[in-house]
Asker: 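Take a look at the following structure, please.
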Amino acid sequence: MPTALVTGATGILGREIVLALGRDSQTWSTVWALSRSKKGQWPSNVQSKQLDLQASAEDMAKELGDAQPEYIFFTAYLEQDSEEKATQVNGAMLENFLNALEITGASKKVKRVILTTGAKQYGVHLGTSKMPMEESDARLADPDRPPNFYYKQQDILREKGEKQGWDWVVTYPNEVVGVAKGNFMNLATTLGIYCAITKELGEDLMWPGSPDFYSSFLCYTSSKLHAAFNLWAALEDTPAVSNQAFNVINGDVESWQNMWPKLAKKYGLRVPEKMFTKDEEQGKFDEDGAGSVMKLMERPPLAEFAAQNGLKGSKWAKQSQVEAKINMMKWSQRKDVRAAWDRLAESKGLEHESFEKAPWWFLWFVLGRNYHVVLSMSKARKAGWTGYQDTWDSISETLDELVAEKVLPKFP
Ligand SMILES: NC(=O)c1ccc[n+]([C@@H]2O[C@H](COP(=O)([O-])OP(=O)(O)OC[C@H]3O[C@@H](n4cnc5c(N)ncnc54)[C@H](OP(=O)(O)O)[C@@H]3O)[C@@H](O)[C@H]2O)c1
């Protein structure tokens with residue numbers, strides 16, 4: 001029976017991989033779950049290890065001891081305040097960890113490394129990309145682009161795989177719907193708290209993001225589906241999967257125009273009949289206004305494909321922006337909002353720090369962008385992947401889980 005090791009075991013993506021490996025103890029004999037902190041309870045085939053991936057390879061080798069995993073799921077991630085630092089730090093964590101396995105001799109047993117990266121591969125954080133995004137799309141290479149830590153990590157993976165004799169798979173999830181506490185990017189927790197406080201304040205459920213994004217198409221990734229994909233990709237021994245990168249999204253195309261009323265209904269809230277002013281509908285925002293506008297790169301990722309796709313100089317390849325109606329960072333500092341959370345946490349027995357630890361900047365950014373975010377799942381499907389998850393169901397079920405985790409109050 002194969003053995004596995006998961007880094008980032010307490011993260012939004014890593015946790016579900018550990019749980020999926022733990023549930024399938026008929027297939028996976030031993031699973032090592034690695035992170036710095038210790039959170040949650042694991043099934044009996046899982047051994048938890050505390051390890052700092054920022055330590056030297058030699059120190060990590062001592063901590064790893066006799067762990068001999070055949071399949072490695074690398075999902076560890078450390079946010080930094082610049083792309084340069086993110087590239088340096090996240091690249092070094094992967095490289096030093098793989099070196100540590102060489103020091104212990106475990107790398108000889110490794111069959112495959114599955115690395116989680118994401119849709120920033122296509123520059124979804126820089127502006128509109130070519131739609132839908134496909135794995136064969138060229139890396140963003142123009143000189144004005146910031147460094148991309150996913151490129152660095154994938155280069156390390158290729159090089160180490162060749163040297164150490166294992167193969168690899170890379171996943172590109174987009175915004176993840178799942179459960180984690182105090183992590184860097186968390187859609188469901190922030191959305192759920194926003195709704196719960198709106199209810200406590202007796203207000204209607206105002207869309208906080210961009211009017212354009214409200215009616216744009218999007219693809220999200222359920223952390224459970226991503227875990228299932230990881231387990232499938234680990235054991236799928238075909239050339240269509242080995243040494244390949246895959247988009248991993250739910251398999252449907254959604255919009256908030258469709259899901260916002262469902263979210264409101266779940267909380268017993270009303271969506272205002274008219275949410276946007278004429279100016280907002282035309283993308284005219286006051287830069288110092290409530291939402292605060294943030295211009296993204298002058299040349300969005302699509303600009304690199306524009307000439308070959310017949311879109312050079314077109315309006316579709318123009319600069320994108322974050323143009324949220326509500327600045328979630330300012331909203332989270334409002335006195336009435338904080339008082340509402342204090343009341344809720346106290347009266348419903350919630351984990352009080354959930355609010356403080358929730359990444360409000362992330363919610364503001366992902367709902368505030370004014371462009372579609374659609375990825376193709378064709379490559380995975382052609383390779384034999386049949387997984388699918390309804391996006392609204394995954395949001396609704398995750399909100400229920402967050403109630404059980406005492407992050408959110410019970411629904412009315
Ligand atoms: N979340 C999203 O919406 C999303 C969307 C698309 C792509 N992605 C990508 O998916 C990958 C995983 O991100 P995530 O969102 O799952 O991350 P996350 O929820 O923030 O979790 C990060 C994990 O890494 C561990 N970690 C951080 N620093 C460490 C260190 N020095 N040593 C050991 N472990 C360390 C953390 O555990 P401890 O803190 O306990 O050590 C935690 O388990 C990243 O490449 C991210 O860009 C995420």
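Keep in mind that this is a model prediction, so the values were computed, not measured. Every number for a ligand or one of its atoms is a count from 1 in the order of the listing.
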Asker: Atoms of ligand 1 less than 4.0 Å from Thr75 heavy atoms?
Answerer: 12 (C)
Asker: Which residue holds the protein heavy atom closest to atom 40 (O) of ligand 1, what is that atom called, and what is the gap in Å?
Answerer: Ser37 OG, 2.4 Å
Asker: Can you tell me if Lys38 has over 12 outside heavy atoms packed within less than 6.0 Å of its NZ?
Answerer: no
Asker: Between Glu405 and Arg15 (salt bridge meaning N to carboxylate O under 4.0 Å), is one present in this structure?
Answerer: yes
Asker: Would you mind listing which atoms of ligand 1 come within a distance below 4.0 Å of any non-hydrogen atom of Gly118?
Answerer: 7 (C)
Asker: Give me the residue, atom name and distance of the protein heavy atom closest to atom 13 (O) of ligand 1.
Answerer: Tyr77 CB, 3.7 Å
Asker: Regarding Glu16 and Lys224, does a basic nitrogen lie under 4.0 Å from an acidic carboxylate oxygen?
Answerer: yes
Asker: Relative to the heavy atoms of Gly11, which atoms of ligand 1 are at a distance of less than 4.0 Å?
Answerer: 18 (P), 19 (O), 21 (O), 42 (C), 43 (O)
Asker: Salt bridge between Lys163 and Glu102, side-chain N to carboxylate O under 4.0 Å?
Answerer: yes
Asker: Would you say Tyr172 touches ligand 1, if touching means a heavy atom closer than 4.0 Å?
Answerer: no
Asker: Please identify which atoms of ligand 1 are closer than 4.0 Å to at least one heavy atom of Thr10.
Answerer: 36 (C), 37 (O), 38 (P), 40 (O), 42 (C), 43 (O)
Asker: So which bit of Leu187 gets within less than 4.0 Å of ligand 1, heavy atoms only: side chain, backbone, both or neither?
Answerer: neither
Asker: Can Arg369 and Glu175 be counted as an ion pair, charged N to O under 4.0 angstrom?
Answerer: yes
Asker: Would you mind checking which non-hydrogen protein atom is closest to atom 31 (N) of ligand 1, with the distance to 0.1 Å?
Answerer: Asp52 OD1, 2.9 Å
Asker: State the atoms of ligand 1, each with its element, that fall below the 4.0 Å cut-off from a heavy-atom position in Ala76.
Answerer: 24 (O)
Asker: Taking NZ, NE, NH1 and NH2 as the nitrogens, is one of them in Asp155 or Arg158 under 4.0 Å from a carboxylate oxygen of the other?
Answerer: yes
Asker: Looking at ligand 1, does Arg15 have a heavy atom less than 4.0 Å from it?
Answerer: no
Asker: Could you check whether any heavy atom of Ala180 sits closer than 4.0 Å to an atom of ligand 1, since that is the contact criterion I want to use?
Answerer: no
Asker: Got a sec: does the NZ of Lys120 have more than 12 other heavy atoms crowding it under 6.0 Å?
Answerer: yes
Asker: Using a 4.0 Å cutoff against the non-hydrogen atoms of Ala9, which atoms of ligand 1 qualify?
Answerer: 43 (O)
Asker: Using a 6.0 Å cut-off, check whether atom CD of Glu162 has over 12 heavy atoms from anything other than its own residue.
Answerer: no
Asker: Using a strict 4.0 Å cut-off to heavy atoms of Thr116, name the atoms of ligand 1 that fall inside it.
Answerer: 10 (O), 11 (C), 45 (O)
Asker: According to the interplanar angle, ranging from 0 to 90°, do the rings of Trp256 and Trp207 count as parallel (below 30°), tilted (30 to 60°) or perpendicular (above 60°)?
Answerer: tilted
Asker: Report, in ascending order of atom number, the atoms of ligand 1 lying under 4.0 Å from any heavy atom of Thr117.
Answerer: 7 (C), 8 (N), 9 (C), 10 (O)
